[in-house]
Amino acid sequence: MTGRIFYIARNTFREAVRDRVLYNLIAFALLMIGGAVLVGQVSIGIERLVVINLGLTAISLFGIVIAIFIGIGLVSKEIEKRTLYTILSRPVRRWEFIAGKFFGLTGTLVVNASLMGVGVFAALLYVSHHLQKSDGWVLVALYFIILQFIIVTALTLFFSSFSSPLLSAVFAFSLFVIGTFSEDLRGFAAVAHGATGWLATGASYLVPNIAALNVIGSVAHDQPVAGGLVLYNTGYALLYSAMAVCGAVLVFERRNLK
Amino acid sequence: MSAIEILGLEKTYTVGFLRKQEKHALHPLHLAIGEGEIFGFLGPNGAGKTTTLKMLMGLVSPSAGSARILNMDFRNPGVKAQIGFLPEQPYFYDYLTARELLDYYGQLSGIRGRERARKVSELLDRVGLQDASSVQLRKFSKGMLQRVGIAQAILHDPKVVFFDEPMSGLDPTGRREVRDLMEQLKHEGKTVFFSTHILADAEALCDRVAILNRGELKGTGAVADLTAGVKGKVEIVWQANSASASIKAIGAECHVTGNTVRAVLPEEQQENALDLLRREKLRLVSLVPLRKSLEDYFVQQVKAVEPERSGGVKA
């Protein structure tokens, strides 16, 4: 069972690695990091702040684009091109296929984020000539970005299990954007009354809390990240993703492949 | 013992938004295919062949009915390890090479390390793709993809193989190779269930066939048994410069070549035709009964529903 999930995940990873679009996006992200170095050099005294801010934002943004761009085709492309027929006519269960696809894309994003993270540290080293202890928090911020990727991948997979690639992309990206303002939504829910209050509260719990996973600003200002937040965010991201993947499995199990 | 038993499998779709209508893709289908048989599943396009295969593969859920493959319920995951499937006009991951693709399918089928590598090489040889084994599938022709499709279907040494239109898009040589391969599979004791609308292939290969039209089973049995019920025809050749109107009047299709007339007519009109030739004192060259082909039977079965179709029967 776990073997089959691993093989599907590995093939998904291989597909992404052989996709030229992915390299374009990574190259563009690395260029952005390079650009951060340039901007940092003309920002006297705040070089580190600029490099961390721009570098991590580039990783986050491009990672989300990759997650959505590849994620929308994970299931629909396999159905459209009928490659799924020869997979599901083997001893592969539908949930194993979904799980394999999820882990494959997550793995791809972790490797990408790690590579781009190396780029950010190289840029930091270039502008500061040495790394300092507080740079360790950049790793935590990077970890939170990966948690964002996991959530967005799971959501994209969920949408792509029943809708077209374009709609899946729109839904997933919309939820990501709303999620970045989830704190504001919660604030609004707290002051709203009646049905609006109920609706806002429901929506604030339904959309992913991406805001809580964004510590780029505080890390850029050398502020530490609380250990509790790391634990809470890890648990939250894993639970939220697991629910989205389970939703994808429930939909996909009932789907007729025409 | 039956390798495949189809027990009333049925598929109904609902079409329309406001005025919903039920469309029967497949009426309750009952079939039994014996072990080691090559079974042809025939029918025109849209007859319900692919729907049946998809239901057996668990890709589409039936509206009613069930099936047993190798004495197990067709939904039992254990069945999948013992069956192989080639979809119609297969498409594979085009970023993989033929060897990588077969290796991946071997992994999913649970074939281990060295044995997998050996089987992949063996199959690439068997389908004639050893030289192209390191080429990405995006560079493969349709015929080559069909060969890869066949290789992946038999990679894990399944007991029952399902092929959906395996000859589709192949040139005569390719069709011949697929036919040979299917015969080899039969010699290896495997059961082959294949859908096709190329009747010559079915006639040459199949132990038994089933004919499906508009989702309904029209007939099943050995080719010889089915064609025995077909009204026969005879070919009569005589010397003359033209075909007389009296011969044409008894339903003969006449072709004149030089001073020879060749007429094909229903068997029951044979004596009338000979009487006419005698009366007109024409010289008979030959009289040959024409072989009853599966095509005749097929056309007879399919045409039988044409009046219904023109009558506007609601699907």
Side-chain angles (χ1 to χ4, degrees), chain A residues 1-23 69-70 73-101 103-105 108 161-162 249-258, chain B residues 11 13 25 50-51 53-63 74-97 100-112 116 136-138 148-153 155-156 158 160-162 164:
Chain A
M1 178 265 285
T2 45
R4 288 190 292 268
I5 295 174
F6 170 75
Y7 295 133
I8 293 168
R10 197 169 65 175
N11 193 50
T12 307
F13 180 81
R14 184 160 51 179
E15 179 177 10
V17 168
R18 292 186 185 178
D19 195 336
R20 282 171 221 158
V21 180
L22 181 74
Y23 290 110
F69 191 81
I70 298 179
L74 281 183
V75 176
S76 59
K77 205 167 81 182
E78 296 254 4
I79 295 174
E80 190 191 316
K81 293 190 170 179
R82 286 175 283 143
T83 42
L84 197 54
Y85 293 1
T86 45
I87 301 287
L88 294 183
S89 57
R90 290 175 195 283
V92 176
R93 291 172 177 88
R94 290 191 179 200
W95 72 265
E96 291 173 337
F97 175 77
I98 293 285
K101 285 281 169 187
F103 287 123
L105 183 51
T108 310
S161 67
F162 61 86
V249 168
L250 280 175
V251 174
F252 192 59
E253 286 281 355
R254 285 162 179 74
R255 189 160 173 187
N256 278 328
L257 306 177
K258 289 172 187 167
Chain B
K11 186 66 192 175
Y13 292 105
T50 299
T51 303
L53 280 167
K54 279 186 181 174
M55 283 194 282
L56 289 173
M57 293 302 111
L59 302 170
V60 168
S61 53
S63 305
F74 75 120
R75 296 179 195 90
N76 184 335
V79 168
K80 302 280 182 75
Q82 302 190 48
I83 62 172
F85 176 51
L86 167 73
E88 186 182 5
Q89 293 176 350
Y91 185 93
F92 302 106
Y93 302 101
D94 58 8
Y95 54 89
L96 295 181
T97 66
E100 285 171 341
L101 182 88
L102 292 181
D103 190 57
Y104 175 49
Y105 283 141
Q107 288 168 341
L108 294 181
S109 300
I111 310 171
R112 294 186 184 277
R116 192 171 67 239
Q136 281 192 331
L137 296 175
R138 70 179 84 220
V148 173
I150 290 168
Q152 64 79 29
L155 174 70
H156 50 294
V160 182
V161 190
F162 295 87
D164 193 2

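Labels below follow one simple rule: chain letters A, B, ... track the order of the sequence lines, proteins then strands, and each chain is numbered from 1.
Of the listed residues (A:Leu257, A:Asn11, A:Thr86), the one with the most heavy-atom contacts under 4.5 Å to chain B is A:Asn11. Chosen from A:Arg254, A:Arg255, A:Glu78, the residue pairing most often with chain B at heavy-atom distances under 4.5 Å is A:Glu78. Chain A forms the most heavy-atom pairs under 4.5 Å with one residue out of B:Met55, B:His156, B:Gln152, B:Met57, and that residue is B:Gln152. Contact count versus chain B (heavy atoms, under 4.5 Å) is highest, among A:Arg82, A:Glu15, A:Arg10, for A:Glu15.
Contacts between B:Leu96 and chain A at a heavy-atom distance below 4.5 Å involve backbone atoms as well as side-chain atoms. Heavy atoms closer than 4.5 Å to chain A are found in both the backbone and the side chain of B:Gln89.
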Side chain to side chain contact (heavy atoms under 4.5 Å, CB included) between A:Leu84 and B:Leu59: does it pass, once the steps are laid out?
-> CA-CA 9 Å; A:Leu84 197 54; B:Leu59 302 170; 5.9 Å; no
Stepwise side chain to side chain contact (heavy atoms under 4.5 Å, CB included) check, A:Ser89 with B:Ile83 | CA-CA 8 Å; A:Ser89 57; B:Ile83 62 172; 5.5 Å; no
Decide side chain to side chain contact (heavy atoms under 4.5 Å, CB included) for A:Ile87 and B:Tyr104; before the verdict, give the C-alpha distance in whole Å, the side-chain angles of both, and the deciding distance to 0.1 Å.
-> CA-CA 10 Å; A:Ile87 301 287; B:Tyr104 175 49; 3.8 Å; yes
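The cationic atom of A:Arg90 (NZ for Lys, CZ for Arg) lies less than 6.0 Å from the six-membered ring centre of B:Tyr105 and within 45° of the ring axis.
Distance check, rounded to the nearest 0.5 Å: CG of B:Leu53 to OH of A:Tyr85 gives 11.5 Å.
Counting heavy atoms of neighbouring residues, nucleotides and ligands inside a 6.0 Å radius, atom CZ of B:Arg112 does not exceed 12 of them.
No side-chain N or O of B:Tyr93 forms a donor-acceptor pair with one of A:Lys81 less than 3.5 Å apart. Side-chain contact, B:Asp103 with A:Tyr7: no donor N or O sits under 3.5 Å from an acceptor N or O.
A:Phe6 has its side chain out of reach of B:Gln107: every pair of non-hydrogen atoms, C-beta onward, lies at least 4.5 Å apart.
For the residue pair B:Gly58 and A:Arg94, the shortest heavy atom distance occurs at O-NH2, 3.0 Å. Among all heavy-atom pairs drawn from B:Ser109 and A:Pro91, the shortest one is CA-CD, 4.2 Å.
Not a single donor-acceptor pair under 3.5 Å links the side chain of A:Arg4 to the backbone N or O of B:Leu108.
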